[in-house]
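Written out below as structure tokens is the structure these notes cover.
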Amino acid sequence: MLAGKRVLLIIGGGIAAYKVLDLIRRLRERGAEVTPVMTRAAEEFVTPLSVSALAGTEVHRDLFDLTKEAEMGHIQLSRVADLVVVAPATADLMGKMAGGLANDLASTLLMATDTPVMIVPAMNVRMWEHPATQRNLALLQGDGVTVVGPNSGDMACGEFGPGRMSEPMEIVEAITAKLSTGPLAGKRVLVTSGPTHEPIDPVRYIANRSSGAQGTAIANALRDLGAEVIFVTGPADAARPKGVTVVEVESAREMHAAVHDALPVDAGVFAAAVADWRVASASDSKIKKTAGGLPVLEFAENPDILAEVSQLATGRPGLVVGFAAETDDVVAHATAKRQRKGCDWIVANDVSPATGIMGGSENAIILISEDGAEPWERMGKDEVARRLAARIADALGSA
Ligand code: CTP
């Protein structure tokens, strides 16, 4: 799938650099040509000899190398690739990129390139969460840089949390998606998925039974057609899709903010089962049993994310797809919902317990659009996702 694709791989100085050796191998197995560049710090973690042996080509290391400048100047080097990948992207490299510094070969190439750039951050959790890193991340995303990971987990430094570099196969999938030439290549699509958790107090919450399976399948299917997918998910059981930008949220209000941060997009698919209400009287401390009687929860309405995005005066996605989970009069309710919320399509399904759809692996949907109601036969959620993604590609292609 990557045959003939050229990747300029900038290796930063972090412990995760060892995973890049495997990444190079896997990219080459798939037919990609990898041109490695190492920072000085990277050489503390992996040797240029290993990198060069795996890449099957020399490693570029110096900005001021007269022989290389004569053969291929650094400006040219920055432009011969289809994609520039920075892995591991350290806090330092991200800072340099965000600040526009160019004081070594890696940062100079990043400034000089006219090729899409992908970064794969890896750093200590505190460094990742530091406001400076988060600020740089936002700047880089605003500049159109694709960000892969980081994952959460145990870290080499002994701490736990986000900051671990994505695994080589996750990076390969992200690169494949980015270099895809599918019908959705160059399109940015937002998918919301999963339930939301609405806190009652710090230890209790109100939730629903959504597993996130359908939303995840849709994100995967859109990615497979070449879309850049921003996947905003509540705390769902389903494994997160690979090769897409994953934004984890808990509550409806967090989802609302994350969706707005993701705009503009070409299409939005709102598959999340967002809680309609939150607990207005949520307590900052754990509610205790008291002799005074039972606690009374007061509710407040959550923002309707789908309706709001559908009705945006400026920046509305070209196609907005909502979901309707109904238990009776499915078509009538879903048709009314489409009108009320102002979206283009509604994917309606019957979630009565007898259908086994909510939390199950199959779905039987009715696609409601301005052309009316189109029932699809019952099929796996993956197949629903593939067909829906193909329809979205058709709609965006003919828009
Ligand atoms: N949705 C949303 N934000 C909300 C509630 C719902 O974005 N606060 C989206 C869902 O992701 C879904 C669609 O709206 O795409 C339908 O949600 P649903 O809860 O079924 O609609 P309601 O308007 O709440 O209707 P009902 O009275 O059936 O609950």
Side-chain angles (χ1 to χ4, degrees), residues 2-97 101-113 115 117-124 148-151 155-157 163-176 179:
L2 288 171
K5 299 290 184 193
R6 294 161 308 172
V7 175
L8 182 71
L9 179 64
I10 296 180
I11 308 173
I15 187 73
Y18 78 92
K19 292 190 196 174
V20 170
L21 298 177
D22 193 30
L23 173 65
I24 296 172
R25 198 169 59 83
R26 290 174 184 274
L27 287 171
R28 292 195 67 213
E29 273 169 9
R30 286 161 179 76
E33 207 180 279
V34 180
T35 305
V37 174
M38 292 178 76
T39 64
R40 278 272 169 271
E43 294 181 22
E44 302 289 334
F45 296 91
V46 285
T47 69
L49 186 61
S50 320
V51 171
S52 157
L54 284 161
T57 182
E58 65 174 325
V59 179
H60 298 267
R61 299 155 65 187
D62 287 311
L63 182 55
F64 303 109
D65 183 325
L66 287 180
T67 325
K68 291 225 184 86
E69 283 298 312
E71 288 165 8
M72 181 198 272
H74 60 263
I75 302 290
Q76 199 189 341
L77 179 63
S78 77
R79 302 203 179 152
V80 290
D82 298 301
L83 182 67
V84 178
V85 178
V86 186
T90 58
D92 179 65
L93 265 173
M94 285 177 62
K96 277 185 181 166
M97 288 173 75
L101 299 187
N103 60 357
D104 60 7
L105 180 60
S107 52
T108 304
L109 293 175
L110 285 160
M111 280 291 280
T113 192
T115 308
V117 176
M118 172 183 287
I119 62 170
V120 193
M123 66 196 73
N124 166 272
V148 180
N151 292 341
M155 308 196 55
C157 52
R164 260 167 71 139
M165 191 169 87
S166 296
E167 295 305 317
M169 275 316 293
E170 293 175 317
I171 306 171
V172 168
E173 282 172 22
I175 293 173
T176 309
L179 292 176

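Closest of all the heavy-atom pairs between Glu58 and Ser52 is CA-OG, 4.2 Å. Listed here is the closest heavy atom pair of Glu167 and Asn151: N-ND2, 4.1 Å. Closest non-hydrogen pair, Pro88 versus Gly14, comes out as CG-N, 4.1 Å. Heavy atoms only, all atoms of each residue included: Ala106 and Leu93 are closest at CB-CD2, 4.5 Å. Ala122 and Ala16 make their closest contact through CB-CB, 3.9 Å (heavy atoms, listed as atom of the first residue, atom of the second, distance). Taking both residues in full, the closest heavy atoms of Ser107 and Asn103 are given as OG-N, 3.1 Å, listed atom of the first, atom of the second, then distance.
Side-chain N or O atoms of Thr113 include none that pairs as donor or acceptor with a backbone N or O of Leu110 at under 3.5 Å. A donor-acceptor pair is defined here as one N or O able to donate and one able to accept, closer than 3.5 Å; such a pair exists between the side chain of Arg28 and the backbone of Leu54. Proximity of a side-chain donor or acceptor of Arg79 to a complementary backbone N or O of Ala112 within less than 3.5 Å is detected.
The side-chain heavy atoms of Met165 and Ile171, taken from C-beta on, include a pair separated by under 4.5 Å. Side-chain contact between Pro36 and Thr57 is present, with at least one heavy-atom pair separated by less than 4.5 Å.
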(request) Could you go through the side chain to side chain contact (heavy atoms under 4.5 Å, CB included) check for Lys96 and Asp104 one step at a time? (result) CA-CA 10 Å; Lys96 277 185 181 166; Asp104 60 7; 3.4 Å; yes
(request) Apply the test side chain to side chain contact (heavy atoms under 4.5 Å, CB included) to residues Val46 and Met38: give CA-CA distance (whole Å), side-chain angles for both, the deciding distance (0.1 Å), then the verdict. (result) CA-CA 9 Å; Val46 285; Met38 292 178 76; 3.7 Å; yes
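Of the charged side-chain nitrogens involved, at least one lies within less than 4.0 Å of a carboxylate oxygen, so that Arg40 and Asp62 count as a salt-bridged pair. A salt bridge links Arg25 with Asp22; the closest basic N to acidic carboxylate O contact falls under 4.0 Å.
Of the options Val117, Val86, Leu77, a side-chain contact (heavy atoms from CB on, under 4.5 Å) to Leu8 is made by Leu77 and by none of the others. The side-chain contact (heavy atoms from CB on, under 4.5 Å) test with Leu83 is passed by exactly one of Met118, Arg6, Lys5: Met118. Checked against Ile175 for a side-chain contact (heavy atoms from CB on, under 4.5 Å), the options Leu9, Asp82, Leu27 give a single hit: Leu27.
For the atom pair Ile11 CD1 and Glu43 CD, the distance stands at 9.5 Å (nearest 0.5 Å). Distance check, rounded to the nearest 0.5 Å: CZ of Phe45 to OG1 of Thr39 gives 9.0 Å.
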